[in-house]
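Heads up, the thing below is written out as structure tokens.
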Amino acid sequence: MKKNISILISILFFTTIGFAQTADEILDKVDKNMSAENRIIESSMIIHGKRNSRTMTSISYSVGDKQSFTEYLSPAREAGTKMLKLENQLWIYSPSTDRTIQISGHMLRQSVMGSDLSYEDMMDDRKLKDVYSSTVIGAEEIEGRKTHVLELTAKVENVSYHSRKLWVDADYFVPMKEELFAKSGQLLKQTTLSNIKKIEGRWFPTKMVYKDMLKQGDGTEFIINDIKFNQKIPEYIFTKAALKQ
Amino acid sequence: MIKFLFKGILRDRSRSLLPVIIVSIGVLLTVFLSGYFTGVFGDIIDINAKFTSGHVKIMTRVYAENKDQVPNDLALMEVGELKTKLNLEYSEMEWVSRTHFGGLIDVPDENGETRAQGPAAGRAVDLFSPESQEIERMNIGNSVVKGVIPTKSGEAIISDDFAERFSVNIGDEVTLFGSTMNGSMMFHNFIVSGTIRFGPAMLDRGAIIIDITDAQMILDMEDAASEVLGYFKDGLYDTEKAGLISASFNEKYSNVNDEFSPQMFKLEEDAGLDEYLMLADSMSGVMITFFIIAMSIVLWNTGLLGGLRRYSEYGIRLALGEEKKHIFKTIIYEAILIGLLGSVIGTILGISLSYYVQETGIDFSNIMENTTMMFPQVFRTLVKPAHFFIGFIPGLFAVVLGNALAGFAIYKRKTAQLFKELEV
Amino acid sequence: MLALKLAFKNLLGAGLRTWLNVSILSFAFVLIIFYNGLLDGWNRQGIKDTKEWEIGEGQFWHPEYDELDPFTIQDAHAPLSEKIQKLVNENKLTPILISEATAYPQGRMRSVVLKGIDPKQTISKIPSAGLETTEKGTFAIIGKRMAEATKLKEGDNMLVRWRDKNGTYDAREIQIAAIFKCNVPPVDNGQIYVSLDVLQEMTNMPNEATLLVTSKDFEGGELENWAFKDLDFLLKDFHALISAKKGGASIMQIVLLVLALLAIFDTQVLSIFRRQKEIGTYIAMGMTRFQVVGIFTVEGGAHSILAAIVGAAYGIPLFIYLDKVGITFGTPDMGITISETIYPYYSVQLIIMSLLLVVISATIVSYLPARKISKMKPTDALKGKLQ
Amino acid sequence: MAIIEINNLVKKFPVGKGFFTALNDVNLTFGEGEFTGLVGPSGSGKTTLLNIIGSLDTPSEGSAVVLEKSIAELTHKQSAKLRNQHIGFIFQTYNLLPVYTVYENVEFALLLQNMNGTERKKAVMQALEWVGLTDKIKSKPNMLSGGECQRVAIARSMVKKPQIVLADEPTANLDSKNSHHILQTMEKLNEELKTTFIFATHDEKVMKYMKRIISLKDGQVDNDVQINHSETSNLKL
């Protein structure tokens, strides 16, 4: 879950509302919409398996882009499971075993709970602007809405996806769709964002669908049930000790 | 007459005991070695069957296609009902469910935080049911290095290499982290009841074995399993029967258009061992044939010797007025008695020994250096119905033949000459 | 010498019975040598094939690399030093770069290992030359097993996704340039071979390798930052398999031997019974009982020498024949290195050991009944009275 | 000078729970060059006496001293040596080694003495000459007649030039012509080589050749007479 959130966050962070035509300006505007000093999100993740679909709900707290804490609320099996991300470290706590397990190394590349996201996807929280250089490559209409189409190309080395294509709503400055590409240009993943709502003065997509394009299946949905910005989040929540509480 | 001869055999130990012992030993060896060849040449098949492919194996069609991914979300459902049907319709086989799972084995420090961690290659088998033969079948008992096989829920046996590498001791708690059949996160603490080493590093790397009921619980696989394996109740793989059963099962229950419908595979289809199976069959056949011929020669020789040693007795009997033809007949009758007696004793002993070795195996691990291979470390025989009568070929026919040949010598000699030999 | 001479005279005098025993014993003898020869042949070929295809005269591994733990591959690579490059140019080493990947043959997903191999290398038998092409595209060669598992044919394309040095995803279509046949399963199963420079470019690891395979010309010695894995290490499982197979064979040998010895034992018992007068005569002529026991023991034991001669008479032509044509086992895919055709290998040591085994055991088994002689009363023996 | 001295010799065999006394207080002396027959009915102890003299058996009581060696005190090895070097045996059933040729059967006795090749060959040929079988040296026993077999047996016992030859019913399986032939051969050797011959026999033909006849009855010496019929025997030669 947490990784979903991270991805989401990373995307959100970098999309701000704006009217400028340069890519950077567009990204800045997107950022304004999507990122905040801190946030509390209650969300549902729907994973479409080959056989059935599953919904998990969670609440997650984050401060900046380095700290985040997620607690799963349902289903019963997952309830109470907590995930803590600090910088690039990730721990998961499970109440049934009273254990805190560090997820590291190769495990980070594994898919999270059969979703179309990997732990690493969840972990990567760098701002798009820091990682990619962007250019506007056109304008398209998606579901009746005008969008700016941005092409992002990695400017640093350690990225999972060499390039991305971002469709940003021309009015709300919220991304509507994103495609992630391999170095060769092969499409690997696709994200669609929808149900844009105005929350605390910003536009925010409340539904996202992630899809691994090389895998069969219907992708993973991420729905924000409630989101609050600029809340007071106690520091101790981002400690390993808090996992056990 | 037979009764009279029988008395003679029983009372005259020097004449009867040795031949019977030798025939028995010969028959025993024949029976045992036949079983042994079948076992040794079949070992790869057998190990594959026991460990991986069963004699037949049922998976969902889609699981089968992706089986190297261990895709438990594609596992068989309603396994209970399926097994009930199987037990009813294919009662010649024993049906067991097994589940494979992946994940991490996480070893905690004193604060319950990760101290060490490694990938898990898990197997869940029926360890707890008293009637389960899985422990035996997978040779788990003999592969235990330290500790014991789990006996209650929440216990697991893990790879000895893993335990060594991360200094996990018996009684320690490790956490298994993975995902359930539905893809939920799965955490479960297991007490390490023992460590295991099968041999091949590939099998041992990250191995963790738990009971199937634990797996159902923790993997959210109530009434589900990765695969249902069928084993012929006599323990012997019969490719034709397996073919018939799988054809009939697939006809009834498998649906090409339903990727979650079960599909049955026979051993060689699953393991890619078609050619080896044929080879093993013919190799063991050839070896057994050779051996029976050799044993027949030995026992024929025994019969011949048995007849020869009694020349002086024949002399006496001729002197008493017995006809040569009659003496010859009694020689044959006696040979039949001795051959039968020896064959029966030998077969009983041979089958018993074979069964014993089939069950326990002959463990070479102590005398072989460097043994890390799971399968050939312990050698097993395989008792087949043929072994119940195979010993009679050398035991009865060869002995009678030998005696008959010896008896012919009586005809060759003049009565007077035999008579003379009696005055020694 | 006297005893031996007497023994042969007696044995040959006994005619048919001797030849029966000898034929059984020779059969055991030939079979023991054959079976061990087969295993030795398998062993030698297996080692040869593994060396030729996979491990050369040993490998240098990147210290992080563990062939059994695919997770180590990610970090197990390093650039080739000048010294190594020089050795590569001298054909003493060939580098192999390994990368984990996911292949999507026919829409399915499968974990594979991408291996970069120098198309010009001659150290491994992997037909890497097939990767040398001027055509555009990425070409790979795979083994027969892999081809069957993925249902790929020559010329087919398959999407492969991997991550480069930095973890950046990359994916492209790879075309199967050739399919090779190889007896060494680890070289085949789940492996996709591409040209070394192509993989280096794909993974953004220029001039890097995961392991180095040595050739016969490599003089040995350490390479800084690389861990040498010798043949014993690399062949451990194979050695274990063979020694285990030998263990299995030993039961067969024991039973065969017991069978043959049973025949000798039986013959001994009878001949001692029937030849009491002869025994008495020997004693009357002034032989000690010990000498008589000796004669009978040597006589029984001499079966084994005759058996060796007889065995050699049909065994040697048979072995020579088998050595020419080999024994074909088909192409079982057992995950074990086994040639389609095994040429049995008969070492002098094997033959001498087998000979000793047969001779000594035959002698022991002949001695057991002969011991009875020392308890015989010569006067009774002369009368043939003993039962 | 006596080469065999038997004093108060008793030999008992266990029979069931008791004993059968085969020899009872036998006192006898044999000198060099004797040609003596032990006669008596079956079971009178002839063979037993021969066996004891030949060191194949041991006395139960009393002593038998052969060539100054007390039979009772010999080890297996010593008695084997005594037989090998000084005593020849001739049996009723010849007891030739069936798989060997005539020559080899005779040679066998010398092989045991480790005599060297040339000497051995000479001795074997000489022995076969004595018994008149030089033309059959390559025959095996089963190709010979009974008389010929017995002559091979004589050659075998004589080839090592023993001081004593013990013959147990040597003519029992032979017809009269062959019996005479055998006896004449032995008589001749007795005279030429001064070998002591002791026969166990109840064959009248044999007794005629004897120079001394000892009758045994129920294990005791019943009668011991010296006979002088040298004229007749000379005639027969």
For this session: Just do the side chain to side chain contact (heavy atoms under 4.5 Å, CB included) check on A/K183 and C/N204 with the steps written out, would you?
Result: CA-CA 11 Å; A/K183 244 200 269 187; C/N204 194 17; 4.0 Å; yes

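With A/E157 as reference, C/N166 is the one residue of C/D164, C/N166, C/T168 to meet the side-chain contact (heavy atoms from CB on, under 4.5 Å) rule.
When the shell of 6.0 Å around NZ of A/K244 is examined, it contains more than 12 heavy atoms from other residues, nucleotides or ligands. A 6.0 Å sphere centred on NZ of C/K120 holds no more than 12 heavy atoms belonging to other residues, nucleotides or ligands.
In this structure, OH in C/Y169 is found 7.5 Å from CG in A/L188, a value given to the nearest 0.5 Å.
Between chain A and the options C/R161, C/R163, C/R172, heavy-atom pairs under 4.5 Å are most frequent for C/R163. Of the listed residues (C/Q74, C/K165, C/E100, C/E173), the greatest number of heavy-atom pairs within a distance under 4.5 Å of chain A belongs to C/Q74.
Residue C/A171 comes nearest to A/A182 through the heavy atom pair N-CB, 3.4 Å, listed as atom of the first residue, atom of the second, then distance.
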